[in-house]
Protein chains: 2
Amino acid sequence: MRSLGQTLKDSRELMSLTLRQVEEATGISNAYLSQLENNKIKKPSANILYKLASIYNVELNNLLAAAGIIQESQDAKNKLFNNAALSAQQLSAEEERALLTYLKVLRQQNG
Amino acid sequence: MRSLGQTLKDSRELMSLTLRQVEEATGISNAYLSQLENNKIKKPSANILYKLASIYNVELNNLLAAAGIIQESQDAKNKLFNNAALSAQQLSAEEERALLTYLKVLRQQNG
DNA sequence: GGAAATTGCTAAATAAAACAAGCTTTTCTA
DNA sequence: TAGAAAAGCTTGTTTTATTTAGCAATTTCC
């Protein structure tokens, strides 16, 4: 798996940007950018990753995957798995009623 | 917009978990979880957010949005599908995932 | 009722991220 | 080719995240 540093460096070079140009655009110091590209930073903030994903026009998920935080295309797999999993459940009447109540709460919270 | 802290607290209470249970499950100290829920932390690492999204069965994007890092996307809400067990409902992928987890908790509590 | 857990929380300590200054190397140009 | 300018990088410092230890308020259990 391509490291986060390599991914960032490749992205930057692809756009022919210097560290100081990226600093100018994102507010992230060139010193820190260098450390990121050389894998000196283990757990950057989501904030930093988002800014870099934006300027390099890559998906945030790509950077999260490169940083080893999520599995690549994990979302799709999880959705399929969960769909199948819930469909396969044999629900008692009581369980189904509980789930429907819970769903109501859920939707009330999320809008 | 609901704050990250409120989002995390709601999610945890919805599953009837204590701070120490979440600590046990994620490795994140209960003290830090408390600070997160009370909005004392401005820029948590992507790692932390991912772990919490996983245990609470919410989309990482939801937490990122609550943290003000990204804009909330409508995509997840628009993805609908039919489910056999709750045939009357049109569940989003996220909702079904939440229901599945809730069902696990339910069955664990009742034996 | 009261000891004993259990809960959420805070302050202090530690670890790590992120920045500022400046050094080294490469690139450009006269 | 020298020397300036721009490049990436390193070191040291500041800031912030994260943990440890432990308190005060419930809750549980005898």
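Predicted, not measured: the structure shown is a model, and the values here were computed from it. A note on names: the letters A, B, ... follow the listed sequences, proteins ahead of strands, and every chain is numbered from 1.
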A:E23 CD to C:dA20 P, in whole Å, measures 8 Å

Comparing nearest nucleotides in DNA chain D, the 5'-proximal residue of the pair A:L19, B:I28 is A:L19

Of the listed D:dT19, C:dC9, D:dA17, the closest approach to the B:S29 side chain comes from D:dT19

When rounded to whole Å, the CG to P distance for the pair A:L8 and D:dG8 reads 14 Å

Taken to the nearest whole Å, CD/B:E37 to P/C:dG8 is 8 Å

Per atom distances to the A:S34 side chain, the nearest of C:dT10, D:dT10, C:dC19 is D:dT10

A:N39 CG to C:dA16 C1', in whole Å, measures 16 Å

Are B:I69 and B:K43 side-chain neighbours, meaning at least one heavy-atom pair lies under 4.5 Å? no

Can you tell if the side chain of A:P44 reaches within under 4.5 Å of the side chain of A:L4, non-hydrogen atoms only?
yes

Note to self: Any side-chain to backbone donor/acceptor pair from A:N39 onto A:G5? Under 3.5 Å, distance only.
What the structure shows: yes

Rounded to whole Å, the CG-P distance (A:L36 to C:dC19) equals 9 Å

Of B:K43 and B:N38, the one whose closest nucleotide on DNA chain C sits nearer the 5' end is B:N38

Between the CG atom in B:N38 and the CG atom in B:L8, the distance rounded to the nearest 0.5 Å is 10.5 Å

Between CG of A:N47 and C1' of C:dA16 the distance, given in whole Å, is 16 Å

### Query
Is there a side-chain contact between B:T7 and B:V58, using heavy atoms and a 4.5 Å cut-off?
no

Among the nucleotides C:dA20, C:dT7, D:dC9, whichever has the atom closest to the side chain of B:T18 is C:dT7

Side-chain atoms of B:R20 come closest, of C:dA11, D:dC9, C:dT7, to C:dT7

When rounded to whole Å, the CZ to P distance for the pair A:R12 and D:dA6 reads 17 Å

inquiry  = Using OP1 and OP2 only, check whether a side-chain N or O of B:K40 sits under 4.0 Å from C:dC9.
reply    = no

Rounded to whole Å, NZ of A:K42 lies from P of C:dA16 at a distance of 5 Å

Exercise. Going by modelled atom types, is there a donor-acceptor pair between the base of D:dT19 and the side chain of B:Q35 at under 3.5 Å?
Worked result: yes

* Is B:L33 touching bases, backbone alone, or none of the nucleic acid, heavy atoms closer than 4.0 Å? -> nothing

